[in-house]
Every structure is written in C-alpha cells, then in structure tokens.
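What follows is a short report on a single structure.
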Amino acid sequence: MRSYQDLFRTPEFTPLFVASAAQTVAQTVSGLALGTLVFRSTGSPLLSAVSMFGPSLAQVLGATLFLSGADRLPPRRTLAGVSLAFAAGAALLAVPALPVWALFAVVLAQGLVASLGGGVRWGLLNEILSHGGRDGYLLGRSVFNMMSGLMQITGFATGGLLLAALPPRACLLLAAALYTTAAAAARLGLTPRPPRTTGRASVSATWRTNALLFSDRSRRLTYLGLWLPNGLVVGCESLYVSYAPAAAGTLFACGALGMLAGDVTVGRLLPPAVRRHMATPLLLLLAAPYLLFALHPPVWPAACLVTAASAGFGASLVQQEHLMALTPADLSGHALGLHSAGMLTMQGVAAALAGTIAQLTTPAWSMTTMATVSAAVTLTLAAAARRPVPTPNGPVAATRSASA
C-alpha cells in the first residue's frame, strides 16, 4: 500500500474513517464545552483540567477489566455501541443543575467505555489494512491521526465560536448528536466481521494477555515510550483553559495543526530508514517548546510554541509501527487497545498533576515543570533501550526498541 488513494479504495476503510471523524469532533466539542462549564462554575484549573481529560483516568480500570473484548467482540456492533454510550453521556452532562460530582461520575463512565473502543477501532484498522503489510497500518494510522488533527482544529475552532454564542450545555447536546452520527456511520458502513480471536471476553483473559504483552522487554519499553512522554505533555495542554481562558480554543486548534504536520511528515515523507530513528528527537521536540512557557508568553507566541511542540506527537507512529512488528496478529487489537488505554490514562493522571501544580503556582510554571519531566523521561527510556541485556546463553546483546 503506497498512497492515500489506495487506502480509500480499501473496503471498509472509508466508513471507519467517517465514523471516527464524527467521534473526534464530538469529543472535541464536548471536552471544550465541559471544561469551560466547570471552570466557569468553580474557577479551578484542577477541576477544569480533570473534567476535560478525566475519561482518561478511567482507562486504566477499563484496560484491566474489559480489554480482552477488543479481539473477542464483533467490531461493527461494538463500535456503534460505544458511540451511542458517549451520546447518552453527553446528553446527561447537559442536564441543568447537575452537581459537579455527578459530572465527574459520567466522565469516568465514559472513560471505561472508551478503553474498549480504542482497541476495537485500531484492531479493526489493522485487520482491514493487513494486506498492505506494516506500511499499510502505519499509512492508515497516519491518515487517522491527520484526520484527528483536522477534526480537532475544526472542533476547537467551532466550539470556541459556539461557546461565545451559546451556553456550554447547548454545545454538549450538539456533541451528543455527533456521537449518534458516528454510531450510524459504523452500523451502516461496516460489514459484520467475526471476532479476531476465539474465547469469551473476561477479566482473567484481559489479565493474561496484558501480562503476555508486557513480558517482552522491547514491547515493555515501547509501551512506556508511548505512554509517559506523551501523557506528560498532554498535562501541559490540559491547562490551556486556565492559561488563556478567552483563547483556549486557539491554542487547542494550533496544537492540532502541529500534530497534523508531524503526522504528515512521519507517515508520508520520511523514508523507513530515517523514520525508525526519529522517535527520540520527536519526543524531545514535543516537550522542548513548553519550557519557554516559564516566560509566560502572550497568546500568539504561545500558539506558535504549541504548534511546534505538537509536531512531536508524530513519534507515536514510529512507536506503533514497532509495536505491531513485535505483536502476533491475533492480539493486535488488544495490543493497540493497551497502548491507547495506557496513553490516555497517563494523560488523565498528568492533567490532574498539572492542574495541582497550577493550583499551587501558575499554569505557566506547571507547563514548564511537566515538559521538563517529559524530556527527562524520554532521555531515560532512550538510554534503557540501548542498554545491552543478557541472552539466554549468557553473553549480552543490545536490544532494539522504538520506546523513545
């Protein structure tokens, strides 16, 4: 598979793409609306950050309980059900006078559902594009990442305009309608497929497969590289509302633009020989511009820094390509779901941590702190990936990992 046109000629790619696009716009609009609603109600950077990224905190629980379903449930039915569950949650969040604790209960429930949806979606993408080899999945995932960037730009820009004219609860109802559209696209556009592996989805099956995936050192380092540096920088993003309340949509849109540029570069422009060595430089790029937020730049310089930093998210494509090379095909959905759940969990944890630091200092200093830790973790994982390890016969051998 050598071009984007080949992707869209592949059966089922287009309906999966459309359903995911509608889901992304809905998540963007609802996240911005909910973060704004909570910040207006409480004035708390911590609660605002956690309300936007709180679903991610529940991903770790979902990954330990439900993730075996990623390869053991019918993909079409599951994806449509996940979107409908999010539609119901967004509508519930729009109920007037809903207490803050109830808002967070709904947010956490959405996170549990999302932990299964990511594994099903990316496992299905890998299955649809399996005839294209490793490059097929990487090219397809880069298109989905680019779509995500464009939809986030659209969602945050539109959401910002809507919030200037409408109350946040009206925006949440719009998001519910978009989630319903995503469910319809999945149900009507995808064909019925059997599960990728046999057996009943269960907690014990989830634990066994998680242990198997995490037992290999190269996979383990790759997972940590996918989860930690990325998540810590998302902690910086979670403070946009409190850093610039009137221009948060601009900062989010610029971040999505930078992510789009990074995904195009990694997924389409870099040759494989160069690409496989780019994880560490891209992860350092992800963190470095946020160090300058210690100077508390005005909105437009801040937007330029955010755009440059977000290009570093392209590192995840390199890391996912390596992860798929290390993983059996019948576990691809679970493996990608574990990546997605762990990454989003770390993003939720980092949002809570960044919000706490911002409560004690300022949002700008919190961003700088999170970026410093992210860069340090990247360098540590890169050093660990180069460290030789003993082979079963005794001598040491260097490991190869795309963890950082």
Rounded to the nearest 0.5 Å, how far does [atom2] of [Y] lie from [atom1] of [X]?
X      : Y      : atom1 : atom2 : result
Leu7   : Ser142 : CG    : OG    : 7.5 Å
Arg220 : Leu213 : CZ    : CG    : 12.0 Å
Leu98  : Arg169 : CG    : CZ    : 7.5 Å
Thr206 : Arg72  : OG1   : CZ    : 7.5 Å
Leu125 : Glu12  : CG    : CD    : 11.0 Å
Thr362 : Leu239 : OG1   : CG    : 9.5 Å

Inset, instruction - Might you confirm whether atom CZ of Arg187 has over 12 heavy atoms from other residues, nucleotides or ligands at distances under 6.0 Å? - result: no
Legend entry - Parallel, tilted or perpendicular: ring planes of Phe8 versus Phe17, cut at 30 and 60 degrees: perpendicular
Inset, instruction - Could you tell me how the ring of Phe144 sits relative to the ring of Trp122: parallel (under 30°), tilted (30 to 60°) or perpendicular (over 60°)? - result: perpendicular
[X] (side chain) donor-acceptor with [Y] (main chain) under 3.5 angstrom:
X      : Y      : result
Ser44  : Leu47  : yes
Trp365 : Ala294 : no
Ser30  : Gln27  : yes
Ser374 : Met370 : no
Ser366 : Ala354 : yes

If you compare all heavy atoms of [X] against all heavy atoms of [Y], which two are closest, and at what distance to 0.1 Å?
X      : Y      : answer
Leu79  : Ala186 : CB-CB, 4.3 Å
Gly225 : Pro229 : O-CD, 3.3 Å
Val29  : Cys171 : CG1-O, 3.7 Å
Gly117 : Val82  : CA-CG2, 4.1 Å
His296 : Ala364 : CD2-CB, 3.7 Å
Ala335 : Met324 : CB-CE, 4.2 Å

Check whether any side-chain heavy atom of [X] sits under 4.5 Å from a side-chain heavy atom of [Y], and report yes or no.
X      : Y      : value
Phe39  : Pro245 : yes
Pro297 : Tyr243 : yes
Arg40  : Thr36  : yes
Tyr240 : Met367 : yes
Pro168 : Leu163 : yes
Arg219 : Thr327 : yes
His334 : Asn210 : yes
Leu283 : Gln319 : yes

Inset, instruction - Report the C-alpha distance between Thr280 and Leu381 in whole Å, list the side-chain angles of each, state the deciding distance to 0.1 Å, and finish with yes or no for side chain to side chain contact (heavy atoms under 4.5 Å, CB included). - result: CA-CA 9 Å; Thr280 295; Leu381 290 173; over 6 Å; no
Inset, instruction - Report the C-alpha separation of Leu112 and Leu108 in whole Å, then their side-chain angles, then the decisive distance to 0.1 Å, and conclude whether the side chain to side chain contact (heavy atoms under 4.5 Å, CB included) test is met. - result: CA-CA 7 Å; Leu112 289 174; Leu108 292 178; over 6 Å; no
Inset, instruction - Could you go through the side chain to side chain contact (heavy atoms under 4.5 Å, CB included) check for Glu237 and Ser310 one step at a time? - result: CA-CA 10 Å; Glu237 295 183 344; Ser310 297; 4.0 Å; yes
Inset, instruction - In sequence, state the C-alpha distance, the side-chain angles, and the governing distance for Tyr223 and Asp216, and then conclude on side chain to side chain contact (heavy atoms under 4.5 Å, CB included). - result: CA-CA 11 Å; Tyr223 272 126; Asp216 179 79; over 6 Å; no
